[in-house]
Participant: 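Submitted below is the structure of interest, expressed as structure tokens.
Order of the sequence lines sets the chain letters (A, B, ...), proteins ahead of strands, with each chain counted from 1. Predicted, not measured: the structure shown is a model, and the values here were computed from it.
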There are 2 protein chains.
Amino acid sequence: MSLTQKTRLQATRKRFIEAGGHTTQSFGFGRIIGQIYALLYLHPEPMCLDDIGTELGVSKASVSISIRQLEAWSAVKRHWIKGDRRDFYEAETNFNNLLRNGLLEMLRKKLDTAGAQITLAESTLTEALNEPNGDERDELEVVAARLKQAKQFHNRISGLLSNPLVNHIL
Amino acid sequence: MSLTQKTRLQATRKRFIEAGGHTTQSFGFGRIIGQIYALLYLHPEPMCLDDIGTELGVSKASVSISIRQLEAWSAVKRHWIKGDRRDFYEAETNFNNLLRNGLLEMLRKKLDTAGAQITLAESTLTEALNEPNGDERDELEVVAARLKQAKQFHNRISGLLSNPLVNHIL
DNA sequence: ATGTGCGTTTAGTCAAAACTAAACGAAATA
DNA sequence: TATTTCGTTTAGTTTTGACTAAACGCACAT
């Protein structure tokens with residue numbers, strides 16, 4: 001392989017890996033997660049923890065933690081090699097699965113906890129509403145109305161995420 | 001107003017505000033942003049910077065910075081009060097606008113920069129591909145194929161965000 | 001059993017982000 | 001012009017969380 005080809009391939013890899021790290025960073029997951037995925041995505045063969053760490057210049061511990069996150073999102077798959085005790089990983093190249101099991105699943109969880117909070121607030125308020133009139137009854141009802149509106153919106157979004165049509169589009 | 005009513009109203013407010021802060025925090029924006037929005041959302045009248053800061057127990061500077069972010073997302077609106085030099089703010093209760101101008105807009109920007117990076121990587125690689133054969137031609141083509149696939153997925157998602165049908169559902 | 005080679009856990013470090021206090025500039029008031 | 005009252009900027013502090021080195025536990029081999 002010519003020197004220029006090699007250099008350009010390395011440059012391409014490096015750029016893509018940096019971009020991956022930058023992207024996950026901007027979404028609030030660390031930088032390493034994106035870098036690992038990008039590295040595996042462009043790598044023809046599965047890689048082990050040590051090689052990944054060496055390639056990216058980070059510790060094995062970081063790789064271990066990050067790769068478990070990626071596994072939980074179905075973004076990488078373990079690859080068994082007979083006679084080798086090490087764990088090898090390759091990227092899940094099917095972005096649809098990645099989207100469904102990763103991003104959307106996370107979104108769902110966050111929506112759930114948010115929804116639970118709203119419900120909790122609502123029920124606390126309902127107790128107050130059932131009592132005989134007080135001198136700030138109006139305000140009480142304004143808050144109740146807003147909470148109700150928030151819950152409606154929450155339900156709409158939740159419904160959207162479990163809508164089979166929407167899920168098919170993604 | 002009875003004491004129990006007052007207590008419960010305050011408890012409801014507090015819980016809702018904390019939940020709001022927690023939510024925005026989990027999405028990588030600060031805690032204060034969500035707290036301010038939640039406070040304004042449950043507050044019948046527009047509030048000024050100082051009152052917001054006092055209510056949440058944070059400095060006016062923090063409120064100033066955060067509320068400009070909220071304004072950029074159309075999540076709050078300025079409310080002019082004649083004869084008062086202070087800026088008053090109220091929550092945008094239309095969640096659809098909020099979604100469109102806030103979350104989706106942000107998503108669009110991140111997709112754009114990610115797409116630009118992929119394109120850049122692709123063009124760097126294309127130069128190498130146009131050269132005569134080298135001894136790692138195969139690997140070069142694997143990387144090229146992966147980049148192409150990534151770009152396709154990126155385009156699909158971008159298209160989805162500007163799809164009028166999808167935009168209408170949201 | 002003992003040693004070796006893994007992945008994981010933990011305790012600690014360090015850098016980046018959040019947040020504050022204080023200084024500042026602009027606009028209204030006197 | 002001097003003063004007051006805002007919102008913003010800035011410089012410094014605190015907090016958070018990313019990351020590492022080292023210890024650990026487990027499984028297999030000898």
Participant: Between C:dG7, D:dG7, C:dT20, which one does the side chain of B:K60 approach most closely?
Facilitator: D:dG7
Participant: Determine to 10° how strongly the helix from C:dA1-D:dT30 to C:dA30-D:dT1 is bent, judged from the axes of its five-pair ends.
Facilitator: 10°
Participant: Name the closest nucleotide to the B:D87 side chain, picking from C:dA21, D:dG7, C:dT8.
Facilitator: D:dG7
Participant: Taking CZ from A:F29 and P from D:dC19, how many angstroms apart are they, rounded to a whole number?
Facilitator: 14 Å
Participant: Ignoring the backbone of A:R68, work out which of C:dT9, C:dT20, D:dT20 is nearest its side chain.
Facilitator: C:dT9
Participant: Kindly state each residue pair satisfying ring-ring contact (aromatic ring centres under 6.0 Å, His included) with at least one member in residues 47-81 of chain A, sequence neighbours excluded.
Facilitator: A:F29-A:W73
Participant: Can you see which heavy atom on B:V63 is nearest to which on B:G53, and at what distance?
Facilitator: CG2-CA, 3.7 Å
Participant: Classify the nucleic acid contact of A:G53 as base, sugar-phosphate or nothing, counting any heavy atom under 4.0 Å across all strands shown.
Facilitator: nothing
Participant: Are any of the side-chain nitrogens in A:E71 or A:R68 under 4.0 Å away from the carboxylate oxygens of its partner?
Facilitator: no
Participant: Starting from P on D:dA18, measure out to CD on A:Q25 and report it in whole angstrom.
Facilitator: 9 Å
Participant: Measuring from the side chain of B:R31 (C-beta onward, heavy atoms only), which nucleotide among C:dT8, D:dA21, C:dC19 has the closest atom?
Facilitator: C:dC19
Participant: Between B:S62 and C:dT20, is there a side-chain N or O to OP1/OP2 distance below 4.0 Å?
Facilitator: yes
Participant: How close or far is atom P of D:dT4 from atom CG of B:D84, stated in whole angstroms?
Facilitator: 18 Å
Participant: Which whole-number value in Å describes the distance from A:M47 CE to C:dG7 C1'?
Facilitator: 17 Å
Participant: Looking at B:K60 and B:L49, what are the two nearest heavy atoms and their distance?
Facilitator: CG-CB, 4.0 Å
Participant: Reading DNA chain C from 5' onward, which residue's closest nucleotide shows up sooner: A:I65 or A:R85?
Facilitator: A:R85
Participant: If I compare all heavy atoms of B:I32 with all of B:S62, which pair ends up nearest, and what's the gap?
Facilitator: CD1-CB, 3.7 Å
Participant: Mind calculating the distance between CG (B:L70) and P (D:dG7) to the nearest angstrom?
Facilitator: 15 Å
Participant: How many whole angstroms separate atom NE2 of A:H22 from atom P of D:dA18?
Facilitator: 16 Å
Participant: If you compare every side-chain N and O of B:S64 against the phosphate oxygens of D:dT8 (OP1, OP2), does one of them come in below 4.0 Å?
Facilitator: yes
Participant: From the set C:dC19, C:dT9, C:dT8, return the single nucleotide nearest to any side-chain atom of A:A61.
Facilitator: C:dT9
Participant: Are B:E18 and B:R15 close enough for a salt bridge, meaning some N to O gap below 4.0 Å?
Facilitator: no
Participant: Sequence neighbours left out, what pairs pass side chain to side chain donor-acceptor pair (under 3.5 Å) with at least one residue falling in residues 40-51 of chain B?
Facilitator: A:Q149-B:Y41
Participant: Rounding to an integer number of Å, can you tell me how far A:L56 CG sits from D:dT20 P?
Facilitator: 10 Å
Participant: Run the salt-bridge test on A:R13 and B:E139 with the 4.0 Å N-O cut-off and return the result as yes or no.
Facilitator: yes
Participant: Please report the distance, rounded to the nearest Å, between CH2 in B:W80 and P in C:dA27.
Facilitator: 12 Å
Participant: State which of D:dC6, C:dT9, C:dA21 makes the closest approach to the side chain of B:R86.
Facilitator: D:dC6
